Amino acid sequence: MPDVDVLVVGAGPAGAVAALEAKRSAPQLDVLLLERDRAVGAPVRCAEGVGNAGLREFADPDGAPWVARKITRVIFVAPDDTEVKVAERDVGWILDRTRFDAYLAADAGAAGVELLVGTEASGMRHDADGRWEVAVRSGGSADTYRAKVVIAADGVEAMVGRWAGLDSRVPARDMESCVQYVVQGIDFDPDAIYLQFGDQIAPGGYAWVFPKAPGIANVGLGMVALKSDGRNARQYLDDWIARRYPRGARTGYTVGGVIAHTTIKKTYTNGVLVAGDAAHMINPLSGGGIVNAMKAGRLAGRTAAAAIREGDTSARRLAAYHQAWMDLLGEDHLKYYRIKQALEELDDDFFNGLARTVNKIPREKRSLGRIFAHALVKHPQLIPVAARYFV
Amino acid sequence: MRHVRPAEIAIVDLNVCDRCGLCLPLCPPAAIHLALTELEVDRDTCTGCRKCIAPCPVGALSMVPNA
Ligand SMILES: Cc1cc2nc3c(=O)[nH]c(=O)nc-3n(C[C@H](O)[C@H](O)[C@H](O)COP(=O)(O)OP(=O)(O)OC[C@H]3O[C@@H](n4cnc5c(N)ncnc54)[C@H](O)[C@@H]3O)c2cc1C
Ligand code: SF4
Ligand code: SF4
């Protein structure tokens, strides 16, 4: 049975960064990174948008081959199609995740991480010494690896944590069902991302247009099935595109789940750390999880390496990871989740009214903070939302 | 393993399923498995709770009599 120090399951942003950081912190360790898909980064199940500052902690986007587009504006679209343009500099980037995820994994490989694609973890159990034995399958062959620390970075499926006895199940009300097309030959501002809300459009979520190039965009939506009128996510999106972009050519199609929840209660146990979507570390308001996954991967990789060096990979030692994540972002997500719940109580009329009010603020002064402050004055209904945010 | 035999259980239409993995964390008894090539619902573990059905973005899951 092959022995490794760190076994990382899943080569998305969380797993690739975790493997890289573990190897970098302790180059003598054997670090193995498994990816079920036949290629890292494909299929893309993502709208590929990231904030500028968060991305730059990990990679330099200027001129990078894994960037599709720079974004300098956000356009919120009310249910009745009223547009609110928000002026922000350096908003972010639209990635080409096929290339970006491969770039991260290649970085890990260059540092000495062993990467196996087309290879999946299919279960795990404790051996007599308390080490994890992970069953691994690849094409026709099967093997068992023994690892000191397993990092569960398996994304929305979140099964590795469950195998380790952690509770990473998702309540249906916190699962955003997502569908997205790549649509070509359509007219929109190629420097902006568009977000549209509305009960008929994407109940419990929003629809988006994220530009990949002039005339080409990721056009998708996420919605909560429990709030549906009977249509599934794909049917909602087909209806929305038929209305907004009837002449667009749909050249690509993807499906996925976004966990709009708060971090799982326990992201660690003896010899196991859970990072990224698998630990529900997505921003529950925006649904963005790429940068969060990398931040968690960095903490997990470093914690695993330090724990192995100290010869203590017990739950007690690994708990430092959970604390570090909660201090970094986990506590903020508890607040964002409360805002999400408050927003769910507001209806289309409210958002239509808010959009018209906010459009009276001069465009260059229309920052998100100002919109919020203005909304409080003009719409006292929002005060409970604000109050819940600040408690 | 369940104790009472449910009247209905979930099945997946593999022609529709995109293997996105969204339904796995919704399933309380972990009856849904995503393997290298396809998605599988374990007939003996499914309790028929329906939690996976509506959230599938493409409608690949449905309930059938537990024959
Ligand atoms: C439609 C959609 C749009 C989105 N848009 C955005 C966006 O614009 N911006 C943003 O920041 N976030 C977005 N997200 C969320 C973002 O995609 C995730 O938060 C991010 O990919 C999380 O990274 P991760 O490494 O945790 O998981 P993933 O990127 O999901 O990686 C997990 C990997 O583990 C592999 N795996 C799973 N199980 C096993 C196993 N047993 N053995 C081996 N390998 C396994 C999977 O194949 C996968 O490659 C979107 C999500 C969806 C579904
Ligand atoms: S949610 Fe639907 S498309 Fe996704 S894996 Fe499950 S059955 Fe397949
Ligand atoms: S019906 Fe319930 S138990 Fe059966 S597969 Fe769906 S979620 Fe799991």
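Not measured: the values here are computed from a predicted model. Labels below follow one simple rule: chain letters A, B, ... track the order of the sequence lines, proteins then strands, and each chain is numbered from 1.
- Interface remark: A/Pro171 contributes backbone atoms only to the contact with chain B (heavy atom separation under 4.5 Å).
- Only the side chain of A/Tyr253 comes within contact range of chain B, judged by heavy atoms closer than 4.5 Å.
- Counting heavy atoms from C-beta outward, B/His33 and A/Ser122 have side chains that stay 4.5 Å or more apart.
- Looking at A/Arg137, the atoms closer than 4.5 Å to chain B (heavy atoms on both sides) sit in the backbone and in the side chain alike.
- Contact annotation for A/Glu176: only backbone heavy atoms (N, CA, C, O) come within less than 4.5 Å of a heavy atom of chain B.
- In terms of heavy-atom pairs under 4.5 Å with chain A, the best-connected choice from B/Val58, B/Asp18, B/Thr37 is B/Asp18.
- Across all their heavy atoms, B/Pro57 and A/Val255 have their closest contact at CG-CG1, 3.4 Å.
- Only the backbone of B/Cys27 comes within less than 4.5 Å of a heavy atom of chain A; no side-chain atom from C-beta onward does.
- Considering every non-hydrogen atom in both A/Gly118 and B/Leu36, the closest pair reads O-CD2, 3.7 Å.
- For chain A, no part of B/Cys23 is nearby; none of its heavy atoms comes within less than 4.5 Å.
- Using a 4.5 Å cut-off on side-chain heavy atoms (C-beta onward), B/Lys51 and A/Arg169 make no contact.
- Each of B/Ile32, B/Leu34, B/Leu22 was evaluated against A/Glu157; a single residue qualifies, B/Leu34, per the side chain to side chain contact (heavy atoms under 4.5 Å, CB included) test.
- In terms of non-hydrogen atom pairs under 4.5 Å with chain B, the most contact-rich of A/Arg38, A/Arg45, A/Arg234 is A/Arg45.
- Here the side chain of A/Ser177 pairs a donor or acceptor atom with the backbone of B/Pro55 at under 3.5 angstrom.
- Taken from CD1 in B/Ile53 to CG in A/Asn232, the straight-line distance is 12.0 Å, to the nearest 0.5 Å.
- With a 4.5 angstrom heavy-atom cutoff, A/Arg36 touches chain B via backbone and side-chain atoms both.
- Nearest heavy-atom pair, B/Pro25 versus A/Met175, reported as atom, atom and distance to 0.1 Å: CG-CE, 3.8 Å.
- Counting heavy atoms of neighbouring residues, nucleotides and ligands inside a 6.0 Å radius, atom CZ of A/Arg250 exceeds 12 of them.
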